[in-house]
Number of protein chains: 2
Amino acid sequence: MENEAINDLLKRNQLSVTDSRKKILDLFLKNSGALAHSDIEKKAGERFDRVTVYRTLQTFVEKGIIHTIPTADNAVLYALCKDECSSGHHYDNHVHFVCDNCNVTYCLDEVVTPEVKLPKAFKPKVIEVVVSGLCENCN
Amino acid sequence: MENEAINDLLKRNQLSVTDSRKKILDLFLKNSGALAHSDIEKKAGERFDRVTVYRTLQTFVEKGIIHTIPTADNAVLYALCKDECSSGHHYDNHVHFVCDNCNVTYCLDEVVTPEVKLPKAFKPKVIEVVVSGLCENCN
DNA sequence: TAAGCAGTTGCAACAAAGTTGCATAATTTT
DNA sequence: AAAATTATGCAACTTTGTTGCAACTGCTTA
């Protein structure tokens, strides 16, 4: 079932289908929120080698399978990309939401980043928006 | 001259006026852009102890003298707050701009963060906007 | 389906970033 | 100017991230 989807996703990105990659991808699929490196490393049941986790996440980012989320406290977070992300180029124009209470980070894919009017001399390329507050569950 | 201003700022925040604090504050005043921890630690001329830099920055953030800036590559950046920031509470509703070319980070104090429409269930408190692209000098 | 190749993993060793306790030194208070 | 308070810097440590290399796994093709 989902196994098929995972295999497909990996193959579509010219990645060999390995245990670690399947397990890490599975974690993302089963988690609605974003994951920190440490979440993955310590994830119940299986322990992955630190180096493998670093390299897997890096590979996934390069292939456009996941993207990083900047946070105010500078923890590195990762979340699945929508299909539109292509290799090395993230169309990451959605808003991220961090809950102050439960600390979960959401990708609000349906909320598009607003326009920002800058001084003329600045040429914007990417706009990152991170909102914090109370999420749907903690409200 | 500026020395007065620095002393005042520290005293106003109930901080004793020490060499390290004066020098680090001075760096911020002389730099239009944001500073990374390492910028401060290695700053030409003077070398500060790593621990002192960590503790000084932490104190300044707590007092509302400086604020942190979230970045895409998760480097920790600090910049001076406008006067409105009070102890422990940052009114940090301006846009940050990171130049892809010269890598300088600007606080665009005059650019106010736009409204973002979230799903009803989410209650926003703080909105962080980080724009990257080409700055006024690299344009 | 077995052999061989390329890509992936995990270990070890290292480098960088950040933290803590404590004795010393500097500021502030009286 | 001495006492009290606060900040500094060292040492030792923890956490986080990186690199090289040998062993292994998944992929290809014959």
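Per chain, numbering begins at 1; letters A, B, ... match sequence-line order. As the structure is a prediction and not an experimental result, all values here were calculated from the model.
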Does [X] reach the side chain of [Y], with side-chain heavy atoms less than 4.5 Å apart?
| X | Y | value |
| --- | --- | --- |
| K11(B) | S16(B) | no |
| V111(A) | P119(B) | yes |
| L118(A) | F97(B) | yes |
| T56(B) | F48(B) | no |
| C102(B) | C135(B) | yes |
| V129(B) | P114(B) | yes |
| H96(B) | V131(B) | no |
| L15(A) | R21(A) | yes |

Over how many whole Å does the gap from [X] atom [atom1] to [N] atom [atom2] extend?
| X | N | atom1 | atom2 | result |
| --- | --- | --- | --- | --- |
| F48(B) | dA17(C) | CZ | P | 18 Å |
| Q58(A) | dT9(C) | CD | C1' | 15 Å |
| R21(A) | dT8(C) | CZ | C1' | 6 Å |
| I24(A) | dT9(C) | CD1 | C1' | 11 Å |
| D39(A) | dT16(D) | CG | P | 11 Å |
| H37(A) | dT16(D) | NE2 | C1' | 8 Å |
| N13(A) | dG26(D) | CG | P | 19 Å |
| D49(A) | dT25(D) | CG | P | 15 Å |

(request) Show your working on salt bridge (Lys or Arg N to Asp or Glu O under 4.0 Å) between D26(A) and K22(A) and close with a plain yes or no. (result) CA-CA 6 Å; D26(A) 199 45; K22(A) 282 194 283 187; over 6 Å; no
(message) Between T52(A) and dG10(C), is there a contact of a side-chain N or O with OP1 or OP2 at under 4.0 Å?
(response)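 Affirmative; the distance criterion is met.
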(message) In this structure, is the centre-to-centre distance between the rings of H67(B) and Y78(B) below 6.0 Å?
(response)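 When the ring centroids of Y78(B) and H67(B) are compared, they turn out to be at least 6.0 Å apart.
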Dump every N/O contact between nucleotides 21-30 of chain C and the protein below 3.5 Å, one line per pair.
residue	atom	partner	partner atom	Å
dT28(C)	OP1	V17(B)	N	2.8

(message) To the nearest 10°, give me the bend of the helix from dT1(C)-dA30(D) to dT30(C)-dA1(D), comparing the axes of its five terminal pairs at either end.
(response)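 Taking the rotation axis at each end, their angle is 40°.
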All N/O pairs under 3.5 Å across the protein-nucleotides 13-15 of chain D interface:
none

(message) So, applying side-chain contact (heavy atoms from CB on, under 4.5 Å) with I66(B), which one of L35(B), T59(B), V61(B), I24(B) is it?
(response)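 Checked L35(B), T59(B), V61(B), I24(B) against I66(B); only one passes side-chain contact (heavy atoms from CB on, under 4.5 Å): V61(B).
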(message) What contact category does S20(B) fall into here, base, sugar-phosphate, or nothing, at under 4.0 angstrom with non-hydrogen atoms?
(response)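 Result for S20(B) = sugar-phosphate.
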